[in-house]
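Protein chains get the first letters and strands the later ones, always in sequence-line order, with residue 1 at the start of each.
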Amino acid sequence: MSDEVNELKQVRLHKLAELRAQGIEPYGGRFERDTVTAHIRNGFAEMEGKKVRIAGRVMARRIHGKAGFANLQDQSGQVQLYFRADDLGEQRYELFKSMDLGDIIGVEGTVFLTRRGEISVQVEDFTYLAKSLNPLPEKWHGLRDVELRYRQRYVDLIVNPPVREVFVRRSQIVREVRRFLDEEGFLEVETPMMQPIPGGATARPFVTHHNALGVDLFLRIAPELYLKRLLVGGFERVYEVNRNFRNEGISTRHNPEFTMLEVYQAYADFNDIMDLTERLICTVVERVLGNMKVRFQDTELDFTPPWERITMLEAIARYAGVDFSTVRDEEGARQEARALGLDIDPAASRGEVINEVFEELVEPHLVQPVFVTSHPVELSPLAKRNRDNPEFTDRFELFIMNREIANAFSELNDPLDQRQRFEQQVAKRARGDAEAHFMDEDYLNALEYGMPPAGGLGIGIDRLVMLLTDSPSIRDVILFPTLRPL
RNA sequence: GGGCCAUUAGCUCAGCUGGUAGAGCACCUGACUUUUAAUCAGGGUGUCGUUGGUUCGAGUCCAACAUGGCUCACCA
């Protein structure tokens with residue numbers, strides 16, 4: 001970071017040289033541990049009086065003349081160490097006294113209980129595993145500066161234990177998602193992150209360049225079109241959990257790279273996927289949190305199934321008081337929306353108006369888990385039309401805490417309809433919509449071979465993790481969120 | 001991208017209407033053999049985000065820029 005070596009680091013560099021002068025290697029190698037700090041604390045009844053070998057970072061130190069204490073932190077937690085000159089000899093004891101907060105050491109000693117009732121390890125020998133040259137943040141307040149916490153997550157993780165808990169839980173959530181899908185007979189696959197045509201979502205892509213091929217490639221905005229090619233190929237249940245990249249704004253709910261789960265099930269439709277989604281999330285919540293009620297900020301979310309299912313038009317009728325099913329023409333729809341106080345583009349189609357009304361007037365009401373179904377067709381260029389009402393699609397979005405957590409539909413497998421939808425998107429792109437879909441001839445070619453009817457699902461993993469870890473910002477659930485380089 | 005706010009020691013933060021830089025933790029020196037935010041005595045370690053401007057004088061007022069946060073817009 002800074003090229004100026006401050007005095008605190010200077011002191012530590014001097015200590016480092018001193019260690020080497022004494023023939024002590026400050027950066028040790030393999031250290032065989034036989035337990036971890038949490039095990040000593042949780043299993044004290046059996047551990048008392050036993051000899052243990054543990055390793056970790058020195059987080060606090062209290063020296064009392066010829067004896068002293070230190071807190072040793074490993075991934076599992078902390079345990080107190082007790083150093084005595086009588087046990088260690090003058091020379092080793094001096095070495096203990098010259099230790100810095102942040103140093104990583106390996107320790108051999110005996111588990112005991114202090115007079116004050118603190119589970120501790122009486123150190124018989126210790127070894128340097130890594131000398132720390134940078135001082136740790138303040139022991140009481142930790143690292144508060146948000147920018148530093150994200151830029152130097154390694155420091156954040158050292159001094160702010162709850163942060164580590166969030167990422168442990170994130171890992172558990174992803175593991176349980178995989179376990180659920182594996183148990184349901186889904187096959188995990190990997191499809192290209194670098195795509196010649198970015199498809200599967202409405203978003204701006206990142207562009208990169210392949211030198212040997214001499215072509216531009218796009219970081220994927222979604223895996224959807226590749227996963228559906230696999231349905232054509234005969235895989236009937238596939239999923240992928242991986243990164244998507246969208247070249248758009250950064251906010252508390254958006255990171256340019258984020259993790260997406262997509263699931264496809266042949267011979268199913270969006271109703272089957274709704275059931276699957278409910279079971280998936282309930283299973284994950286149950287297995288990870290052990291409770292169907294989850295507190296998010298000031299709200300208690302109840303995941304107990306079944307979740308409400310409501311069409312988009314019903315939701316609008318309920319929360320905005322307008323029944324768009326009776327408003328057939330575009331101008332009438334625009335007038336209704338303007339009467340509700342919305343600013344509507346004169347060129348907006350009926351479906352776009354309905355979507356606008358939904359987003360502005362309905363989403364703020366959707367707190368508890370609810371499936372909203374039947375979206376206008378022009379907003380869903382990859383979804384199958386509803387048989388009875390072809391202006392709408394067999395699609396749903398899951399809303400929790402006003403946020404879209406999942407998006408799913410019956411997949412459009414009619415190659416002629418799909419071609420028309422692409423053509424409409426290409427026309428939008430020609431009118432300047434940088435987020436409209438590209439024509440993808442190879443995808444159409446795949447559909448022309450015949451794709452079984454299928455239901456597909458996308459879940460934003462980061463947002464799910466936010467909900468289940470009570471994290472208000474997406475940056476709190478991404479280890480290294482995107483920041484402007486310094 | 002717009003609006004608002006923040007930026008002072010390694011960290012957490014004070015610093016009033018402009019007068020030449022402070023505290024706690026950490027660190028250094030000494031005392032202390034069961035403490036735990038250990039305690040006691042002593043020591044301040046700084047390009048006040050950057051660059052300009054106003055002024056006799058700027059951490060403080062003004063402007064621009066940088067980085068970040070919140071928020072709006074866009075999206076998932």
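Note on Gly142(A): only backbone sugar-phosphate atoms sit closer than 4.0 angstrom, heavy atoms only; bases stay farther off. Residue-level contact check: Arg149(A) touches neither bases nor backbone, having no heavy atom under 4.0 Å from any strand. Counting non-hydrogen atoms under 4.0 angstrom, Ile63(A) reaches a base of the nucleic acid. Contacts of Glu404(A) with the nucleic acid, taken as non-hydrogen atoms under 4.0 Å apart, involve only primed sugar atoms and P, OP1 or OP2.
When all heavy atoms of Ile273(A) and Ala408(A) are compared, the closest pair comes out as CG2-CB, 3.7 Å.
In this structure, the CZ atom of Arg253(A) is 12 Å from the P atom of C70(B), given to the nearest Å. In this structure, the CD1 atom of Ile250(A) is 17 Å from the P atom of C72(B), given to the nearest Å. Rounded to an integer number of Å, the gap from CD1 of Ile474(A) to P of U71(B) is 13 Å. Between Ile400(A) atom CD1 and A76(B) atom C1' the separation is 14 Å, expressed in whole Å. For the pair Asp156(A) CG and G69(B) C1', the interatomic distance rounds to 15 Å; values are reported in whole Å. Atom CZ of Phe206(A) and atom P of A76(B) are 15 Å apart (whole Å).
Distances shown here put a side-chain N or O of Thr202(A) below 4.0 Å from the OP1 or OP2 atom of A76(B). Close to A38(B), at under 4.0 Å from its OP1 or OP2, lies a side-chain N or O of Lys139(A).
Between the side chain of Glu118(A) and the base of U35(B) there is no donor-acceptor pair of N/O atoms closer than 3.5 Å.
Under a cutoff of 6.0 Å and an axis angle of 45°, Arg92(A) and Phe126(A) form a cation-pi pair. A cation-pi arrangement is not found for Arg170(A) relative to Phe167(A), the charged atom failing to lie both closer than 6.0 Å to the ring centre and inside a 45° cone about the ring normal.
Sequence order on RNA chain B of the closest nucleotides to Lys97(A) and Asp462(A) puts Lys97(A) first from the 5' end. When the nearest nucleotides of RNA chain B are assigned to Glu435(A) and Trp140(A) by heavy-atom distance, the more 5′-ward of the two goes with Trp140(A).
The aromatic ring of Phe258(A) sits over the base of A76(B), with ring centres less than 5.5 Å apart and planes inclined by under 30°.
The backbone N or O of Val288(A) lies less than 3.5 Å from no partner atom in the side chain of Arg169(A), so there is not a single donor-acceptor pair.
Remark: U67(B) base-pairs with A6(B). Criterion, Watson-Crick or G-U wobble with two distances under 3.5 Å. Shown here, G46(B) forms no base pair; nothing in the strands shown gives a Watson-Crick or G-U wobble contact with both key distances under 3.5 Å. G19(B): Watson-Crick or G-U partner is C56(B), with both key distances under 3.5 Å. Checking A41(B) for Watson-Crick or G-U wobble geometry (two distances, each under 3.5 Å) identifies U29(B) as its partner.
Nearest to the side chain of Arg484(A), among U35(B), U67(B), C13(B), sits U67(B). Closest to the side chain of Leu143(A), from the set U67(B), U36(B), C11(B), is C11(B).
Only the C1' atoms considered, C5(B) is 29 Å distant from A26(B), to the nearest whole Å.
Between Glu352(A) and Lys428(A), at least one side-chain N (NZ, or NE/NH1/NH2) sits under 4.0 Å from a carboxylate O, which counts as a salt bridge.
Each of Lys51(A), Glu124(A), Gln122(A), Lys50(A) was compared with Thr110(A) under the side chain to side chain donor-acceptor pair (under 3.5 Å) criterion, and only Glu124(A) meets it.
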